[in-house]
Amino acid sequence: GTLKVFYDGWNPAMWRSTTYGAARVGLLRPAKDLTRPVANVSPVLHSFVAGSIAGVAANFVGNPFEVVKVRMQAGSAAQGGAIGAVWEVVKSEGVQAVYRGFWLAAGRAALLTGSQVAPYSAAKAAIIEAGC
């Protein structure tokens, strides 16, 4: 039934959420360091750009699990573990198959992460400057 469809995608959804979320956080500092040489812009814009880069990079890590999740929910992918399903798609269709829809999702990830990081960084800087 309907609930089974959600259950079928649960395993890859957890993998996607975990890898994407961890990568967004873990890649923010390297993205800020990478953009530091051109950081003669406002700190808010710098944070937005760095967050956007981290979001796109995190999407690269999470997208294969998103593809497999949708396929499992549609009943067109092997059931079982998400990593095995990703591997099966890569073996049968090539690496590009697990990156279908990447650029659309990357745009969303860039806007989402950039727009979350920028105000957070500004608020953090204001709190530190205020001595709180």
F65 side chain near I83 side chain, heavy-atom distance below 4.5 Å
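Of all side-chain heavy-atom pairs linking I83 with F65, at least one is under 4.5 Å.
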
Whichever hydrophobic residues join [X] through chains of side-chain contacts under 4.5 Å:
X	value
V70	none
V117	L28
Y20	L112

Where at least one partner belongs to residues 115-132, residue pairs that pass side chain to side chain donor-acceptor pair (under 3.5 Å), sequence neighbours excluded:
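Sorted pair list: R24-Q116, K32-S121, S47-S121.
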
Do the side chains of [X] and [Y] join up, straight or via other hydrophobic residues, at under 4.5 Å, putting them in one cluster?
X	Y	value
F48	V44	no
W103	V95	yes
V61	W15	no
L111	L45	no
V25	L27	no

Which atoms form the tightest heavy-atom contact between [X] and [Y], and what is the distance?
X	Y	result
A109	N59	CB-CB, 4.2 Å
G62	T19	CA-OG1, 3.8 Å
V98	V67	O-CG2, 3.5 Å
T113	G55	OG1-CA, 3.6 Å
M72	P12	SD-CG, 3.6 Å
K69	G9	CG-O, 3.5 Å

N11 side-chain N/O to G81 backbone N/O, donor-acceptor pair under 3.5 Å
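No, because the side chain of N11 does not come within donor-acceptor range (under 3.5 Å) of the backbone of G81.
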
Residue pairs fulfilling salt bridge (Lys or Arg N to Asp or Glu O under 4.0 Å) with at least one residue in residues 94-122, sequence neighbours excluded:
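Listed once each, the pairs are E93-R100.
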
Supply the atom-to-atom distance L104 CG to N63 CG, rounded to the nearest 0.5 angstrom.
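With rounding to 0.5 Å, CG (L104) is 10.0 Å from CG (N63).
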
Please enumerate all residues that pass ring pair (Phe, Tyr, Trp, His ring centres under 6.0 Å) together with F60, with sequence neighbours excluded.
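Ring pair (Phe, Tyr, Trp, His ring centres under 6.0 Å) list for F60, sorted by chain: Y99.
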
